[in-house]
J.: 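Next up is a structure, given as structure tokens.
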Amino acid sequence: MSLLEVNDLVVDFGRHRRVAVDHVSWSLDPGERLGLIGESGSGKSVTALAIMGLLPDNAHISGSIRWRGQEFIGASDRAMSSLRGSSIGMVFQEPMTALDPTMKVGRQVGEVALLHRTVARGQARSRVLEMLDEVGIEDPVRVADSYPHQLSGGQRQRALLAMALINSPDLLVCDEPTTALDVTVQARVLATIDEVLTSVGAACVFITHDLAVVSQICHNLIVMTSGKIVETGSTRKVLSDPKHPYTRRLLRAARLDLVEPGATIMLEDS
């Protein structure tokens, strides 16, 4: 059985029913890393929010999203809340809006574990420090005792990653997690995500417009535009032998070399 199955998903908004996701279907196996790529407005982030049950009130959703056979569409807020942060973790694009500016980082990370009762309150502090260390934060004690504004962008993003992973989820959803970072910090955070996913064996849905990023992280790709899927396949196959004109335009925009199928994918410096 697939870990996650999305079937004929449609999401539209408002009175005029503006379609953001248009009859999208795909599945994710345990441990698989799947990239959803496309430009802004392609529907990739809306798909992720639908999976997490985080769409706004003016969204209309139909189709099916099944987690280990359990239907998400129409599920209660309580049922979704029990899965978010435990079985499914999410890393958002902008940590300054995802983190509470009035609360120290260690407390925020620890509350995720306490909410789902994966650790006793007395053990939460040590688990937080362990997790911050695991995601590559060099001084976990200082970071845990800091407010978000006292940290660098890379440290904040790593703290979000620690928060998403502290309960050892089976799936990590990453929505443009490195967009706000400079190139050097981005490379370090991506390496950390790769290492942690490998160590815990979690599946990942990685949403981005950056093909260089998904080439480092993802096994398979889905290319979206205007809410529709236009191409799917292994990362190597899609990037080395794109079939759809839109995928080719993305590759040209990213200045990726188109190479023969099976050849090594060469990325130009950006």
Side-chain angles (χ1 to χ4, degrees), residues 1-9 11 20-40 42-54 63-70 72-73 83-84 87-93 161 164-165 168-179 189-225 227-244 246-247 250-251 254 256 265:
M1 176 187 293
S2 296
L3 188 68
L4 182 68
E5 293 180 276
V6 177
N7 290 305
D8 204 28
L9 178 67
V11 182
V21 177
D22 192 357
H23 298 282
V24 163
S25 298
W26 50 268
S27 64
L28 182 77
D29 291 333
E32 180 185 353
R33 302 182 194 177
L34 178 67
L36 296 184
I37 62 174
E39 83 281 20
S40 178
S42 63
K44 57 190 189 300
S45 291
V46 174
T47 301
L49 293 174
I51 292 167
M52 300 298 291
L54 295 174
S64 175
I65 302 173
R66 290 184 176 271
W67 171 258
R68 298 189 185 279
Q70 174 186 350
F72 273 5
I73 295 179
L83 289 170
R84 288 194 298 261
S87 297
I88 306 175
M90 186 164 187
V91 181
F92 293 92
Q93 177 175 345
L161 183 59
L165 292 169
S168 301
D170 296 315
L171 171 62
L172 182 67
V173 178
C174 296
D175 187 6
E176 302 270 15
T178 59
T179 298
V189 171
L190 286 174
T192 299
I193 292 173
D194 181 54
E195 290 167 6
V196 174
L197 287 173
T198 299
S199 67
V200 302
C204 180
V205 175
F206 201 103
I207 297 145
T208 184
H209 64 278
D210 192 331
L211 293 175
V213 167
V214 293
S215 72
Q216 298 174 56
I217 294 290
C218 299
H219 305 139
N220 299 303
L221 296 184
I222 291 174
V223 182
M224 295 185 68
T225 184
K228 296 178 180 290
I229 293 174
V230 295
E231 189 158 358
T232 64
S234 71
T235 301
R236 180 172 296 278
K237 182 66 173 176
V238 172
L239 296 187
S240 63
D241 187 25
K243 302 300 184 185
H244 196 276
Y246 176 74
T247 310
L250 281 181
L251 287 165
L256 289 172
I265 300 168

J.: Please report the shortest heavy-atom distance between P169 and G89, naming the atom on each side.
T.: CB-N, 3.8 Å
J.: Below 4.5 Å, heavy atoms only, C-beta onward: do L221 and T232 meet side chain to side chain?
T.: no
J.: Quick one: does I229's side chain get under 4.5 Å of V223's, heavy atoms only?
T.: no
J.: Sorted by first residue and then second, give each side-chain hydrogen bond (donor to acceptor under 3.5 Å, both in side chains) pair with at least one member in residues 190-204; sequence neighbours left out.
T.: R33-D194, R33-T198, R158-T192
J.: What's the spacing between S27 OG and L3 CG if we round to 0.5 Å?
T.: 10.0 Å
J.: Roughly how far apart are R68 CZ and S87 OG, rounded to 0.5 Å?
T.: 7.0 Å
J.: Between the side chains of R236 and D241, is the shortest nitrogen-to-carboxylate-oxygen separation below 4.0 Å, so that they form an ion pair?
T.: no
J.: Could you check whether any side-chain heavy atom of L165 comes within less than 4.5 Å of a side-chain heavy atom of V196, counting everything from C-beta outward?
T.: yes
J.: Of all the heavy-atom pairs spanning S234 and N220, show the shortest one and how long it is.
T.: CA-OD1, 3.3 Å
J.: Test your reading of the model: is there a side-chain donor-acceptor pair from E231 to the backbone of P242, 3.5 Å cut-off?
T.: no
J.: In Å, rounded to the nearest 0.5 Å, how long is the span from OG1 of T247 to CE of M224?
T.: 12.5 Å
J.: Taking the side chain as every heavy atom from C-beta outward, state whether L251 and L239 have any pair of such atoms under 4.5 Å apart.
T.: yes
J.: Is the shortest heavy-atom distance from the side chain of L250 to the side chain of L211 under 4.5 Å?
T.: yes
J.: Does any part of the side chain of E176, heavy atoms only, come nearer than 4.5 Å to the side chain of D210, both counted from C-beta?
T.: no
J.: Taking only residues two or more places apart in sequence or in another chain, which ones pass salt bridge (Lys or Arg N to Asp or Glu O under 4.0 Å) with D175?
T.: none
J.: Looking at residues at least two apart in the chain, or sitting in another chain, which of them share a salt bridge (Lys or Arg N to Asp or Glu O under 4.0 Å) with D8?
T.: none
J.: Between OG of S2 and CH2 of W67, what distance do you get to the nearest 0.5 Å?
T.: 11.0 Å
J.: Decide side chain to side chain contact (heavy atoms under 4.5 Å, CB included) for V173 and V91; before the verdict, give the C-alpha distance in whole Å, the side-chain angles of both, and the deciding distance to 0.1 Å.
T.: CA-CA 6 Å; V173 178; V91 181; over 6 Å; no
J.: Indicate yes or no: at least one non-hydrogen side-chain atom of R84 is less than 4.5 angstrom from one of L54.
T.: yes
J.: Taking the side chain as every heavy atom from C-beta outward, state whether W26 and L9 have any pair of such atoms under 4.5 Å apart.
T.: no
J.: Which atoms form the tightest heavy-atom contact between H219 and G31, and what is the distance?
T.: CE1-O, 3.6 Å
J.: Measure the spacing between NE2 of H209 and CD1 of I37 and express it to the nearest 0.5 Å.
T.: 11.0 Å
J.: Please test I207 against S45 for side chain to side chain contact (heavy atoms under 4.5 Å, CB included), starting from the C-alpha separation and ending with a verdict.
T.: CA-CA 7 Å; I207 297 145; S45 291; 3.8 Å; yes
J.: Which residue, L172, L34, I193, forms the side chain to side chain contact (heavy atoms under 4.5 Å, CB included) with F206?
T.: I193
J.: Please walk me through it: do M52 and I88 pass side chain to side chain contact (heavy atoms under 4.5 Å, CB included)?
T.: CA-CA 8 Å; M52 300 298 291; I88 306 175; 3.4 Å; yes
J.: Drop me the distance from I217's CD1 to L197's CG, to the nearest 0.5 angstrom.
T.: 6.5 Å
